[in-house]
Amino acid sequence: MINWKNLDSLDSYKELQNTKEVNLKEVMAGENGAKRVKDYSIKMAAGLTFNYAAKKVDAEILSGLDKLAKEAELADKFKALYEGEVINTGEKRLVLHQLTRGQLGADVIKDGVNKREFYVNEQNKIAEFAKKVHQGEITNAKGEKFTQVVQIGIGGSDLGPRAMYLALENWAKQTGNFKMEAKFISNVDPDDAASVLNSIDVAHSIFILVSKSGTTLETLTNESFVKEALVKAGLNPSNHMVAVTSETSPLAKSPDYLAAFFMDDYIGGRFSSTSGVGGAVLSLAFGPEVFADFLEGAAEEDKLAANANIYENPAMMDALIGVYERNILDYDCTAVLPYSQALSRFPAHLQQADMESNGKSVNRFGEPVNYKTGPVIFGEPGTNGQHSFYQLLHQGTDIIPLQFVGFKNSQAGWDVDIQGSTSQQKLCANVAAQIIAFALGKDDENNNKKFEGNRPSSIIIGEKLDPKALGALLSHFENKIMFQGFTWNVNSFDQEGVQLGKVLAKKVLAHETEGALKEFSDLLNI
């Protein structure tokens, strides 16, 4: 039987509080640093490597984290999750996003349905639909091929799929896998929908409406915006729209859609990129074979996450180091810094995935916790970030742990040689330099030019950002978030914090306001 205990009740956590903090300026200098880079490394799926040499850990702290993993029963809790126990206690639901890309344990049967078979069946339906669109079997009213796809959704129905699309767009164009351009409408701000509609040819566009419940206010508002544009163009909206929703939603059997693809309550929005939520748009944009490779990379990384040995489990190691930084070293933020322009929206996706999951102040039983939980997540691609907020990272009063992501080769397949090195070599040189600069710093008589150093970072390194590598990268961070939630004893799979604002917004629109809420409503001319 699994035990769900608060972090501060665990003996291993108390032991970690008595460990000595590692000084990176000492351990990363000279040959010791070179040895750490080789030793503090774990192989990931799809040719990726997680390197944590520049983190503030040593043999004693790692041993303590290993004890913490065992005492917190992290491997057992993950097994319970992927074998279908009710892990989402707030909503009394299973958590099954891993099943959308593979099966790690026993069959999960719920309501008489084999859930793995259900997800595979929906993926096959999407693949068949995408092929028919690409082959011109499904066309617009004039019998012309669709050339663009637009996803309408918000939160997890937008951030993840958008980040994944942007990550693979250039790769697909370089490798001949680019089928259709994709756009995304998410914000209820009418300027968002208007901007997208003004940039596309609606007559040759297919729209994907993503709403599990079929009642999401922002999404349905944007759907109406799109339908109005289609009608104005003399088009029948039902010939241009598909739905990704639940089988019980009002969208499921509506004649307003060319097709409906189903998800269920066991796939949380921020973990839905490997479900139909990401599958429909990515399969239409790049082809179902590319989406299948993306799923394969995620499935391979999930297998590593099921390993109880933290020295062979990159997601668990990353998670526990993060807990150490948050709860022992008292660091409040984490910066995600991909040195790949293709990952431009990946930090934004992780911002939602992490902060919506572990931004909790009560445990999974609703009891207040007496320790810090999820950190603030932010980030931007390098080298752009270096010319933006790295000043604070290097010389600010707060130490912020860093998670770099880098690739040895570009997606483009071509480059230019300037002053003896290519653009990709310059990019990689920058990330290597930043890791050492943050760790070792630089002494100077002029304090304005002095770098204290001793600022921790990790890096995930790969050969090239392709579908399998992207799937593995996504899985790594999803599982890291899960393991941290388990360690903090919070429910990482509900998000009550987003509900209150929605309720009050409905009151404003219904003019059922008073006090300060009424005054702000009047100021905004509602």
Side-chain angles (χ1 to χ4, degrees), residues 45-48 100-101 123-124 126-136 138 145-151 153 157-185 196 199-201 204-208 210 242 244 261 272-301 338-346 348-349 381 405-415 423-424 427 462-475:
L48 301 176
T100 61
R101 57 247 195 172
Q123 288 163 4
N124 289 338
I126 290 170
E128 184 180 353
F129 181 85
K131 287 177 182 177
K132 287 181 178 180
V133 170
H134 298 154
Q135 293 166 1
I138 295 175
K145 277 189 173 185
F146 291 110
T147 58
Q148 294 174 304
V149 54
V150 180
Q151 180 130 319
S157 299
D158 168 72
L159 284 164
R162 188 195 295 249
M164 301 309 122
Y165 170 78
L166 291 174
L168 295 178
E169 181 182 24
N170 191 43
W171 171 87
K173 289 176 178 177
Q174 296 296 327
T175 57
N177 288 290
F178 192 77
K179 309 293 184 184
M180 301 170 69
E181 181 185 28
K183 301 275 190 176
F184 297 83
I185 300 173
V196 172
S199 71
I200 64 172
D201 174 9
H204 296 90
S205 297
I206 192 166
F207 297 86
I208 305 171
V210 183
V242 300
V244 177
F261 307 114
S272 64
S273 291
T274 54
S275 75
V277 174
V281 65
L282 296 177
S283 295
L284 284 166
F286 308 130
E289 297 82 6
V290 170
F291 184 63
D293 284 344
F294 170 64
L295 295 181
E296 184 178 336
E300 289 177 6
E301 191 65 27
Y339 275 62
S340 167
Q341 187 60 30
L343 293 173
S344 60
R345 292 297 288 168
F346 196 70
H349 169 57
V405 179
F407 297 92
K408 300 174 188 177
N409 301 295
S410 70
Q411 291 180 321
W414 60 276
D415 205 340
S423 298
Q424 186 66 24
L427 180 71
E463 293 293 330
K464 179 186 287 190
L465 182 58
D466 60 18
K468 287 185 180 179
L470 181 64
L473 193 65
L474 177 69
S475 166

**Q** Aromatic ring centroids of Phe261 and Phe129 under 6.0 Å?
**A**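 Yes, the ring of Phe261 comes within the 6.0 Å limit of the ring of Phe129, centre to centre.
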**Q** Could you pull out the closest heavy-atom pair between Arg345 and Leu159, with the gap in Å?
**A** NH2-CD2, 3.7 Å
**Q** Does some side-chain heavy atom of Phe207 sit less than 4.5 Å from a side-chain heavy atom of Val242?
**A**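 Val242 vs Phe207: side chains apart.
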**Q** Is there a side-chain contact (heavy atoms from CB on, under 4.5 Å) between Ser273 and Leu474? Walk through the geometry before answering.
**A** CA-CA 9 Å; Ser273 291; Leu474 177 69; 4.0 Å; yes
**Q** Examine distances only and state if a side-chain atom of Gln123 and a backbone atom of Thr100 form a donor-acceptor pair shorter than 3.5 Å.
**A** yes
**Q** Would the distance check show the side chain of Asn177 and the main-chain N or O of Phe286 forming a donor-acceptor pair, the cut-off being under 3.5 Å?
**A**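 Here the side-chain-to-backbone pair does not exist.
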**Q** Nearest 0.5 Å, what's the CD-CG distance between Glu301 and Leu473?
**A** 8.5 Å
**Q** Specify the closest pair of heavy atoms between Gly278 and Pro161, including all atoms of both residues, with the distance to one decimal.
**A** CA-CG, 4.1 Å
**Q** Do Gln411 and Thr175 make a side-chain contact, defined as non-hydrogen atoms from C-beta onward lying under 4.5 Å apart?
**A** no
**Q** Looking at every heavy atom in both Gln174 and Ala412, which two are closest together, and how far apart are they?
**A**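 In terms of heavy atoms, the two residues are closest at OE1-O, 2.7 Å.
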**Q** Taking all non-hydrogen atoms of both residues into account, name the closest pair between His349 and Ala163 and its distance.
**A**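 Reported closest heavy-atom pair: CB-CB, 4.1 Å.
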**Q** If we only count heavy atoms from C-beta on, is the Ile185 to Val150 side-chain gap below 4.5 Å?
**A** yes
**Q** I need the minimum non-hydrogen distance between Gln424 and Ser410, along with the two atoms involved.
**A** OE1-CB, 3.3 Å
**Q** Is a donor on one side and an acceptor on the other found under 3.5 Å between the side chain of Gln151 and the backbone of Ile208?
**A** no
**Q** Between the side chain of Ser475 and the main-chain N/O of Ala472, is any donor-acceptor distance below 3.5 Å?
**A** no
**Q** Taking all heavy atoms of Ala167 and all of Leu465, pick out the closest pair and write down the distance.
**A** O-CD2, 3.8 Å
**Q** Contact between Val281 and Val210 at the side-chain level, heavy atoms closer than 4.5 Å - yes or no?
**A** no
**Q** Take Leu166 and Phe346 through the test side-chain contact (heavy atoms from CB on, under 4.5 Å) and record every step on the way to the result.
**A** CA-CA 9 Å; Leu166 291 174; Phe346 196 70; over 6 Å; no
**Q** Only pairs at least two apart or in different chains count here, so list each salt bridge (Lys or Arg N to Asp or Glu O under 4.0 Å) that has a residue in residues 157-168.
**A**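 Every salt bridge (Lys or Arg N to Asp or Glu O under 4.0 Å) pair that includes a residue of residues 157-168, provided the two are not neighbours, is Asp158-Arg162.
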**Q** Say you draw a straight line from OG of Ser283 to CD1 of Ile126; how long is it, rounded to the nearest 0.5 Å?
**A** 6.0 Å
**Q** When rounded to the nearest 0.5 angstrom, what is the spacing between CG in Leu48 and CD in Glu463?
**A** 9.5 Å
**Q** Would you mind reporting whether Phe294 and Arg101 have side-chain heavy atoms less than 4.5 Å apart?
**A** no
**Q** Just wondering, do Tyr165 and Glu181 contact through their side chains at under 4.5 Å, heavy atoms?
**A**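 Answer yes - side chains close enough.
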**Q** Please test His134 against Phe146 for side-chain contact (heavy atoms from CB on, under 4.5 Å), starting from the C-alpha separation and ending with a verdict.
**A** CA-CA 8 Å; His134 298 154; Phe146 291 110; over 6 Å; no
**Q** Can you tell me how far apart CG (Leu168) and CG (Leu470) are? Round to the nearest 0.5 Å.
**A**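 If I round to the nearest 0.5 Å, the distance is 5.0 Å.
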**Q** Are Val133 and Lys145 side-chain neighbours, meaning at least one heavy-atom pair lies under 4.5 Å?
**A** no
**Q** Does Lys173 make a cation-pi contact with Phe178 (under 6.0 Å, within 45 degrees of the axis)?
**A** yes
**Q** Would the distance check show the side chain of Ser199 and the main-chain N or O of Val196 forming a donor-acceptor pair, the cut-off being under 3.5 Å?
**A** yes
**Q** Is there a side-chain contact between Trp171 and Pro467 (heavy atoms, below 4.5 Å)?
**A** yes
**Q** Between Gln148 (side chain) and Ala182 (backbone), is there a donor-acceptor pair under 3.5 Å?
**A** no
**Q** Answer yes if the ring centres of Tyr339 and Phe407 are under 6.0 angstrom apart, and no otherwise.
**A**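 That pair fails the under 6.0 Å test.
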**Q** Please determine whether side-chain contact (heavy atoms from CB on, under 4.5 Å) holds for the pair Ile200 and Lys183, giving the CA-CA distance in whole Å, both sets of side-chain angles, and the decisive distance to 0.1 Å.
**A** CA-CA 9 Å; Ile200 64 172; Lys183 301 275 190 176; 3.9 Å; yes
